[in-house]
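So the structure is just underneath, and the comments pick up after that.
Here the structure is a predicted model, which is why all the values come from computation and not from measurement. Each ligand, and each atom within it, is numbered from 1 in the order the structure gives.
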Amino acid sequence: MTKHTVTITDNKTGKSIECPVHEGTYGPPVIDTKTLYSGLGMFTLDPGFLTTASCRSKITFLDGEKGILLHRGYPIEQLAEHSTYLEVCYLLLYGELPTRRQYEEFEAQVKFRSNVHERVNHMYAGYLYDAHPMSIMVGVMAALSSYYHEALDLNDPADRDLTAKRVIAKMPTLAAQCYKFAIGHPFVYPNNSLGYVENFLNMMFSHPMSTYTPDPVAVRALDVLLILHADHEQNASTSTVRLSGSAEANPFACIAAGMVSLWGRAHGGANEAVIHMLNEIKTPDNIPKFIARAKDKKDTFRLMGFGHRVYKNFDPRSRVIRKVCYDLLERLPNKVDRALFDTALKLEDIALKDEYFIERKLYPNVDFYSGIILKALGIPLSMFTVIFALGRSVGWIAQWLELMEDPDFKIGRPRQLYNGAEKRDYVPFNQRS
Ligand code: CMC
């Protein structure tokens, strides 16, 4: 809704323009600067999108000051407590919680598409035996674009919907295949008699030689973890998906692009880095040394799993995860995981009392405790970001769907402030000093 305007005046020329201010359901009002260039001949500069909204969205809202995260209006705490990942997928895609019948139909349609083309299985052979699973995930997801390209009509809502279901359906299969490839075990095909999360754990941990029955507490812990990762509005990976999508690229390739961004250690790679850090810290007595390093500007070390661009109070996801850690470690006691958790709790406690972290509003984020859950579930470190990607895949594809249906759809094309060399003439080799 547009309620008022903001006048922007160029103090050099005295020229002014009126920019409409749009108000959303929540969040700060947004100045619409579309006419800035035609009116004043200027662009805006905001590296890192610190105060720039890149789109309108109805999917997710987060308030970093108050520690609020809503999906389609529902608080993340309620979804984590009462919902399932697949139900949250439905909610993110279609905007409403499903009726029981809608849910069952959706689940059946997702399950129906859980297998991947047999030829995809041959792709793994090209990867080095110890390739990072994220590098493989990026490749195999991008490869799916070759299976669904010519027949996919981006202008057809039914095709787009089918694509969303395919992405959600195939992610667990691809993720489990990456793991099986890494440990040299045969791939396990999806089993449609199992639930979404159980099926994933089955593809990860069952083996032709033995039966595997996942612990219901482990299933629920992973289900909650996937819910917590499902979407997070316009973060780096989602913006990457949107930017690629705005060029009308193949959606599977767009998801692969999102995965590339997620893999970075400032984004989804942090969950893996947290465990490396906790292992390095070893015992709570060493925490002060690491805190001192994190504060030292000459040291590149940062407390992994701490800080967030938007959350400046607490990350609501990390509170839910911490509680799941308690429950899970009670059910699956393991001395090593418990010691890691204790170190993490102590680290949080010390950091939150430290002036450096208080002043900069640095709190544990979603990645701080998620690795402990994954570790307790027997998921190896290198797979952590893959699990993040599995959860986030629905957010990526829901945001892609929203982009494709956006009446303001435009190819994303940021502008820049050029501060390079002035125009000059080419100099041949023999005249260069
Ligand atoms: N440890 C120590 N100092 C930190 C940390 C940290 N983890 N995070 C931020 N700071 C300091 C930073 O040095 C800067 O200090 P100063 O003002 O003195 O220069 C100040 O806090 C602001 O940091 P920033 O880098 O400008 O903040 P940002 O919003 O650009 O970056 C972040 C956010 C998440 C990239 C950053 O906090 C970070 O690198 N955290 C560690 C990595 C991490 O846990 N990433 C997961 C993010 S949540 C899940 C996801 O998005 O995937």
Report yes or no: does a heavy atom of Tyr356 sit under 4.0 Å from some atom of ligand 1? yes

Out of Asn365, Thr385, Val274, Asp367, indicate the one that has the non-hydrogen atom closest to atom 49 (C) of ligand 1. Asp367

Mind running ring-ring contact (aromatic ring centres under 6.0 Å, His included) on Phe43 and Tyr37 for me, showing each step along the way? CA-CA 6 Å; Phe43 296 144; Tyr37 184 62; 5.0 Å; yes

So for atom CZ, which belongs to Phe112, do other residues, nucleotides or ligands contribute more than 12 heavy atoms lying within a distance under 6.0 Å? no

In sequence, state the C-alpha distance, the side-chain angles, and the governing distance for Tyr124 and Phe187, and then conclude on ring-ring contact (aromatic ring centres under 6.0 Å, His included). CA-CA 11 Å; Tyr124 293 85; Phe187 293 158; 5.0 Å; yes

Look up atom 26 (O) of ligand 1 and tell me if a protein heavy atom lies less than 4.0 Å from it? no

Arg166 NZ/CZ over Phe252 ring centroid, <6.0 Å and within 45° of normal: no

Gly268 neighbourhood, listing ligand 1 atoms whose heavy-atom distance to it stays under 4.0 Å: 52 (O)

Which is closest to atom 51 (O) of ligand 1 by heavy-atom distance: Arg293, His267, Met277? His267

For Phe388, is the nearest heavy atom under 4.0 Å from an atom of ligand 1? yes

Counting non-hydrogen protein atoms only, what is the nearest one to atom 7 (N) of ligand 1? Give residue, atom name and distance. Leu303 O, 2.7 Å

Residue Gln102 excluded, over 12 heavy atoms near CD under 6.0 Å: yes

Atom 4 (C) of ligand 1 touched by protein (heavy atom, under 4.0 Å): yes

One finds that the ligand 1 atoms under 4.0 Å from a non-hydrogen atom of Val366 are 49 (C)

Which protein non-hydrogen atom lies closest to atom 34 (C) of ligand 1, naming both residue and atom, and how far is it? Gly307 O, 3.6 Å

In terms of atom number and element, which parts of ligand 1 are under 4.0 angstrom from non-hydrogen atoms of Ala270? 43 (C), 44 (O), 45 (N), 46 (C)

CD/Glu65: more than 12 non-hydrogen atoms of other groups inside 6.0 Å: yes

How long is the straight-line distance from CD of Glu280 back to CZ of Arg293, given to the nearest 0.5 Å? 6.0 Å

Under 6.0 Å from the CD1 atom of Ile31, do we count more than 12 heavy atoms belonging to anything else shown? no

Quick one: nearest non-hydrogen protein atom to atom 41 (C) of ligand 1, plus distance? Phe306 O, 3.4 Å

Can you confirm whether some protein heavy atom lies under 4.0 Å from atom 39 (O) of ligand 1, or whether none does? yes

Pick from Gly305, Ser318, Ala294: the one approaching atom 44 (O) of ligand 1 most closely through a non-hydrogen atom: Gly305

Ligand 1 atoms in contact with Ala266 (distance to a heavy atom under 4.0 Å): 45 (N), 46 (C), 47 (C)

Heavy-atom proximity to atom 42 (C) of ligand 1, best of Met304, Arg317, Lys297: Met304

Would a distance-only check, ignoring hydrogens and angles, find a side-chain to backbone donor-acceptor pair under 3.5 Å from Lys58 to Gly95? no

Ring centre gap for Phe357 and Tyr363 strictly below 6.0 Å: no

Considering the heavy atoms of Arg309, write down every atom of ligand 1 situated less than 4.0 Å from one of them. 28 (P), 29 (O), 30 (O), 33 (C)

Atom 23 (O) of ligand 1: of Arg302, Arg360, His229, the nearest heavy atom sits on Arg302

What do we get for Leu362 next to ligand 1 when only non-hydrogen atoms under 4.0 Å count, side chain, backbone, both or neither? side chain

Tell me if the aromatic rings of His232 and Tyr311 count as close, with their centers under 6.0 Å from one another. yes

Quick check with a 6.0 Å cut-off and a 45 degree axis cone: is Arg360 positioned over the face of Tyr356's six-membered ring? yes

